[in-house]
Structures are given as structure tokens and as C-alpha cells.
2 protein chains.
Amino acid sequence: MKARVHIMLKTGVLDPQGEAVRHALGSLGFDGVDGVRQGKVIELDLTESDPEAAKAEVTKMCEALLANTVIERYDVELV
Amino acid sequence: MKARVHIMLKTGVLDPQGEAVRHALGSLGFDGVDGVRQGKVIELDLTESDPEAAKAEVTKMCEALLANTVIERYDVELV
């Protein structure tokens with residue numbers, strides 16, 4: 001079973017990477033961009049085949065390692 | 001209109017970040033992980049309101065700046 005985790009900075013946390021991308025897009029002539037936020041996506045191949053157990057396991061991984069829950073939010077999606 | 005872009009290394013391109021995450025998960029006792037790939041996700045706030053035009057614009061941004069199409073693949077999703 002495959003899982004995909006999105007990890008983004010929480011709203012209100014400064015995102016200098018996103019700001020740099022927004023600025024660079026503006027320099028290239030892409031004017032219709034109001035805001036950019038950049039985050040991480042992590043794709044996991046799991047041996048677990050039960051969807052509920054897999055989701056619970058990945059949530060534990062996020063809390064333990066993948067996300068810094070002080071400043072980041074994550075969401076887990078099975079694919 | 002909001003768009004989300006996923007940028008992942010192409011299959012076959014070495015992903016040391018993903019490997020490091022897999023190794024760290026193993027050290028923490030998460031044994032059911034066969035593979036990990038890590039990529040970027042970029043969320044864009046666009047002024048464009050037509051979905052087709054927005055998607056075309058974001059695809060141009062990916063080709064020009066966001067993705068390195070030699071080693072990365074991207075997909076654009078409107079949210």
C-alpha cells in the first residue's frame with residue numbers, strides 16, 4: 001500500500017522559500033501569483049495492506065519524525 | 001484560484017533524502033516501510049479564475065522555474 005504525506009508550514013509561519021519562489025515567478029513575468037507556500041511531500045511504500053492500520057502507522061511516523069508539529073501541519077492520504 | 005504542484009524525482013534518479021528518511025524510520029522501529037521518496041509541494045494562489053488558463057499558466061511556471069525537468073516530474077492540480 002502506498003501513502004502520501006503533505007507537510008506544509010502552518011498558516012502564520014513565515015515561509016521564505018515560498019516568498020523566494022513568488023519573487024522569482026514575478027521576475028519571470030508571471031504576474032498573476034498572489035502567494036506561494038512551499039512544503040514537502042513524502043511518498044511511502046508500506047507493507048501494511050489494511051488501510052486503517054496503514055493510516056494510523058503513517059500518522060505515528062509524522063508525529064515521531066516526518067513533521068515538526070510546532071510549526072508544520074501534515075495530512076496523510078492513501079494512494 | 002488555488003493550484004498545487006507536486007514535484008518528485010523521476011523513477012531511477014537517486015533520492016538520498018528519501019533514503020535518509022527510510023533509514024531513520026527503521027531506526028525508530030517502523031519496520032513496514034519498503035521505500036520512501038521525498039519531493040516538493042508548492043501551493044500557488046492565482047488571480048486567474050478560469051481553470052484551463054490557470055492550469056496552462058502553472059504548467060509554464062513548472063517548465064520555466066519550479067521543476068528541473070531533466071530529473072524531476074511534476075503534476076499540477078487545481079484545488
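Labels below follow one simple rule: chain letters A, B, ... track the order of the sequence lines, proteins then strands, and each chain is numbered from 1.
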Worksheet item: Taking ILVMFWY side chains as joined if any heavy atoms are under 4.5 angstrom apart, and letting links pass through other members, which residues group with B:Leu78?
Response: B:Met1
Discussion item. Which atoms of B:Leu28 are under 4.5 Å from chain A, going by heavy atoms: the side chain, the backbone, both sets, or neither?
Written reply: side chain
Response to the item:
From the list A:Val21, A:Val41, A:Ile42, A:Leu46, the residue making the most non-hydrogen contacts under 4.5 Å with chain B is A:Val41
Is there any N or O donor on one of chain A and chain B with an acceptor on the other under 3.5 Å, and could you list each such pair with its distance?
residue	atom	partner	partner atom	Å
A:His6	NE2	B:His6	NE2	2.5
A:Gly32	O	B:Thr47	N	3.0
A:Gly32	O	B:Thr47	OG1	3.4
A:Asp34	N	B:Asp45	O	2.7
A:Gly35	O	B:Asp45	N	2.8
A:Arg37	N	B:Glu43	O	2.9
A:Arg37	O	B:Glu43	N	2.8
A:Gly39	N	B:Val41	O	2.7
A:Gly39	O	B:Val41	N	3.0
A:Val41	N	B:Gly39	O	3.0
A:Val41	O	B:Gly39	N	2.7
A:Glu43	N	B:Arg37	O	2.8
A:Glu43	O	B:Arg37	N	2.9
A:Asp45	N	B:Gly35	O	2.9
A:Asp45	O	B:Asp34	N	2.7
A:Thr47	N	B:Gly32	O	3.0
A:Thr47	OG1	B:Gly32	O	3.4

Practice prompt. Give the cluster check for A:Val76 versus B:Val36: same hydrophobic cluster or not, with ILVMFWY residues linked at side-chain heavy-atom distances below 4.5 Å.
Written response: yes
Worksheet item: Given the rule that I, L, V, M, F, W and Y join up when any side-chain heavy atoms are under 4.5 Å apart, are A:Met61 and A:Ile7 in one cluster?
Response: yes
Worksheet item: If every non-hydrogen atom of B:Val33 is compared with every non-hydrogen atom of A:Leu44, which pair is closest and at what distance?
Response: CG1-CD2, 4.1 Å
Worksheet item: Does one hydrophobic cluster hold both B:Val79 and B:Val58, with members joined at side-chain heavy-atom distances below 4.5 Å?
Response: no
Worksheet item: Can you name the nearest heavy-atom pair linking A:Leu25 to B:Leu65, along with the distance?
Response: CD2-CD2, 3.7 Å
